[in-house]
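Have a look at the structure below, then the notes.
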Amino acid sequence: MIKVLLVGNPNTGKTTLYNKLTGKKEKTGNWNGVTSTVVGATFKYGGKEIKVYDLPGVYSLNGGTLEEKIASDFIKKNDFDLIVNLIEARQLKRSLTLTKQLSLITNKLLVAINMEDEAEINGCVLDIKKLETLLGIRCVFLDVYSRENLKNFKNVITNKIANKIVNFETNYVYENCVKFTESHNKKINLKLINNKFFSLACIALTVCCIYLSFGNYGLGTLIKNGVEKLFSAVLLPRLVNLMKLKNCSNFSIEFVSEVFNSLLSVLAFFPQLAVLYACITVLEESGLLSRLSFSLNGFLNAFGFNGRSVFPLFSGFCCTAAACGFTSSAESFSLKKKTAFALPMIPCSARIPVFLYLISFLTKKYCAAVMICIYIVAVMLMLIFSRVYTAFNPLTVNEDLLIELPPIRKVRLNKIIKSLINSFKQFIIKIGFTVFIVSVALFILSRFNLRLRLVDDVKQSVLYKIGETFSFLFYPIGLNEPKLAVAVLSGLFAKEGVVSTLIALYPAGICFSKRQIIALIMFFAFYTPCFVALGCMRKQIGLKNAIKSGVFQFVFALLLCYVAYTLTKSALMSAVGLIVALAAILAIIKLRKIKPKGCLNEKIYCKKTE
């Protein structure tokens with residue numbers, strides 16, 4: 001077996017190459033920190049078995065960052081047949097430092113120059129033959145989107161490489177191998193970084209993405225309505241008629257109808273999620289997310305975060321479990337713990353079907369406006385929580401921000417399509433399977449009693465008995481609903497199960513007041529994340545802290561539910577709530593000026609790649 005290590009600076013295309021070689025679908029993005037651990041996979045080529053390892057992006061092997069320690073330790077402690085040093089063509093000078101360090105470790109080294117076409121567009125011309133001569137290392141151009149180029153690259157790595165490395169000077173090599181011409185793209189990128197309205201533009205773009213996904217006339221909503229009509233008005237009636245023609249029992253027909261409706265209730269939301277996923281992919285792959293983290297660094301520092309926290313916090317809108325994995329890029333445990341505790345405050349995409357279901361009983365015309373309000377409230381509460389957490393943990397140290405600003409890139413259409421296909425597969429496998437299991441379990445539990453006898457009255461069923469045990473939780477908002485308690489419990493396994501449970505238990509729809517619906521929206525937006533997310537949290541910050549986070553989030557969501565119900569009682573109470581919220585914001589602004597004892601000042605270091 002041939003063992004190949006992919007090593008290079010952040011954002012040089014290592015993970016993209018890894019996916020192309022192995023057929024895997026590891027997370028990629030135009031921002032550093034996407035890969036924070038070592039991943040490996042095997043593929044066969046030319047009758048040979050090749051094991052490829054994707055290492056975190058590093059600038060050197062002697063640094064003190066977590067990624068550099070992981071990469072350095074892996075190289076030193078493991079055997080390998082070849083190290084592929086990926087270099088972005090425009091960043092040769094910076095990358096040669098790492099190349100020189102690798103050349104001191106081994107002569108089994110291959111330099112792969114990536115993104116050479118972008119370099120030429122930006123006025124950078126590289127003489128690869130001269131580079132290979134001056135380094136004494138085999139050098140090749142790499143284009144992962146070209147089948148011919150990727151095939152040639154596979155041929156190179158399957159052959160043994162033993163270079164006669166010379167003692168080169170990075171500055172001399174750079175000056176003799178690279179020529180520059182004037183580039184208009186460079187000026188545009190620099191203007192974009194320095195524009196003070198850039199963050200506001202990104203926020204406005206995010207709002208547009210939400211409307212495009214969930215707005216009354218948005219693309220996602222229009223597709224969703226079409227899918228619902230297709231399934232509910234065409235497929236389900238035909239399926240029921242077919243079962244009747246086959247003389248199936250009423251129990252079987254009822255079972256199939258209920259499971260089918262539960263699956264449809266969740267799967268119909270995928271068009272809206274697909275539009276949102278596409279928008280997020282564009283933000284990540286274009287490089288706008290890195291610039292947003294740089295622009296928001298000073299603001300986030302006031303709440304105990306730094307710009308690097310933007311990546312996991314932004315990912316939290318997709319999946320809390322995945323976002324917990326990105327917290328591993330934090331240098332200190334205190335920042336990792338704080339970020340992990342704040343993540344459940346951000347509604348993940350699995351909660352969106354719950355919001356849309358509840359909002360449909362509140363208003364249909366202003367669905368997008370309500371969704372935007374939910375996210376605004378979530379972000380505000382997350383920042384307030386972080387500020388309070390920092391105030392009660394005065395020894396928390398703010399990290400220096402060392403982040404690369406990659407160039408603004410055009411996002412390939414096939415990249416968006418592949419991302420959507422991958423999301424759809426995960427959606428079907430995870431959500432479809434979860435909803436099916438939950439639907440079957442609910443159907444059985446609602447039809448049998450503790451003695452496993454079939455019952456006609458749901459109040460005699462096992463399901464109702466389970467719900468009665470926890471129904472007291474919603475007494476303060478005027479609800480004595482065991483069915484609702486069951487929906488809450490199903491959400492602990494997967495948030496997608498909440499909607500299928502509510503539809504299965506309330507076939508005619510929920511009959512709650514608008515105040516109660518608002519209170520429930522606030523509860524489901526903030527209550528304990530699923531067990532998968534808690535498991536990822538345990539891996540990052542330990543079992544004790546994960547349990548603390550889960551319990552705190554549940555209690556916090558209940559209190560918020562009660563407060564929302566109370567404040568919406570009258571216009572006066574709502575006004576009082578608004579005044580209290582404004583007072584809290586002013587208090588936060590004042591807290592921004594207070595430097596906690598033992599807290600270090602943060603400096604912003606930014607490696608501009610333009």
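For S549, the side chain to side chain contact (heavy atoms under 4.5 Å, CB included) partners two or more places apart in sequence, or in a different chain, are F341, P344, M537. Remark: A112 pairs with V84, L86, V140, L142, F153 by the side chain to side chain contact (heavy atoms under 4.5 Å, CB included) rule, at least two apart or across chains. With sequence neighbours excluded, the residues satisfying side chain to side chain contact (heavy atoms under 4.5 Å, CB included) with L150 are L17, K20, L21, K154. Under the side chain to side chain contact (heavy atoms under 4.5 Å, CB included) criterion, K76 pairs with S72, not counting sequence neighbours.
Across L92 and V178, no two heavy atoms sit closer than the pair CD2-CG2, 3.5 Å. Between S386 and K338, the shortest heavy-atom contact is OG-CD, 3.5 Å. The minimum heavy-atom distance linking M345 with A378 is given by the pair O-CB, 3.5 Å. The shortest non-hydrogen separation linking I83 to I75 is CD1-CG2, 4.2 Å. Heavy-atom minimum distance, A71 versus V58: CB-CG1, 3.8 Å.
Exactly one residue among L135, I128, L96, L131 makes a side chain to side chain contact (heavy atoms under 4.5 Å, CB included) with C177. That residue is L131.
Taking OG1 of T339 as the start and CE of M382 as the end, the distance is 9.5 Å to the nearest 0.5 Å. For the atom pair D54 CG and T15 OG1, the distance stands at 4.0 Å (nearest 0.5 Å). Atom CD1 of I87 sits about 9.0 Å away from atom OG1 of T12, to the nearest 0.5 Å. Between atom CG of residue N9 and atom CD of residue E88 there is a gap of 9.0 Å, rounded to the nearest 0.5 Å. In this structure, OG1 on T158 lies 5.0 Å from NZ on K48, to the nearest 0.5 angstrom. Considering CG of N114 and NZ of K14, their distance stands at 10.0 Å, rounded to 0.5 Å.
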Quiz item: Given the rule in the side chain to side chain donor-acceptor pair (under 3.5 Å) test, do Y53 and N78 qualify, once you have shown the distances and angles that lead to the verdict?
Solution: CA-CA 11 Å; Y53 294 93; N78 292 273; over 6 Å; no

Self-check item: Worked check of side-chain contact (heavy atoms from CB on, under 4.5 Å) between K151 and Y45
Solution: CA-CA 10 Å; K151 182 180 178 181; Y45 181 78; 3.4 Å; yes

Practice problem: Evaluate the criterion side-chain contact (heavy atoms from CB on, under 4.5 Å) for residue pair L98 and Y59; output intermediate values, then yes/no. | Solution: CA-CA 6 Å; L98 178 61; Y59 294 103; over 6 Å; no

Practice problem: Begin from the C-alpha positions of L110 and V156 and carry the test side-chain contact (heavy atoms from CB on, under 4.5 Å) through to its verdict. | Solution: CA-CA 9 Å; L110 172 67; V156 173; 3.8 Å; yes

Quiz prompt | K24 vs F43, side-chain contact (heavy atoms from CB on, under 4.5 Å): CA-CA, chis, key distance, verdict | solution = CA-CA 10 Å; K24 299 295 182 181; F43 74 98; over 6 Å; no

Can I get a per-line list of side-chain donor-acceptor pairs under 3.5 Å for residues 99-106, giving both atom names and the distance, sequence neighbours left out?
residue, atom, partner, partner atom, Å
T99, OG1, N85, OD1, 2.5
T99, OG1, S95, O, 3.2
K100, NZ, F168, O, 3.0
Q101, OE1, L61, N, 2.6
S103, OG, K100, O, 2.6
T106, OG1, K108, N, 2.9

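For the pair T42 and E49, the minimum side-chain heavy-atom distance is below 4.5 Å. Inter-residue side-chain proximity for I352 and P347 is flagged as unmet; no heavy-atom pair is nearer than 4.5 Å. Using a 4.5 Å heavy-atom threshold, the side chains of K544 and R538 count as separate. Taking 4.5 Å as the limit, every side-chain heavy atom of V4 sits out of range of all side-chain heavy atoms of F80. For the pair Y18/V39, a side-chain contact is recorded, criterion being any heavy-atom separation below 4.5 Å from C-beta on. Between K336 and Q540, the closest side-chain pair of non-hydrogen atoms falls below 4.5 Å. With a 4.5 Å cut-off on side-chain heavy atoms, I2 and L82 do not count as touching.
The side-chain hydrogen bond (donor to acceptor under 3.5 Å, both in side chains) contacts involving residues 126-149 comprise nothing, where partners must be two or more places apart or lie in separate chains.
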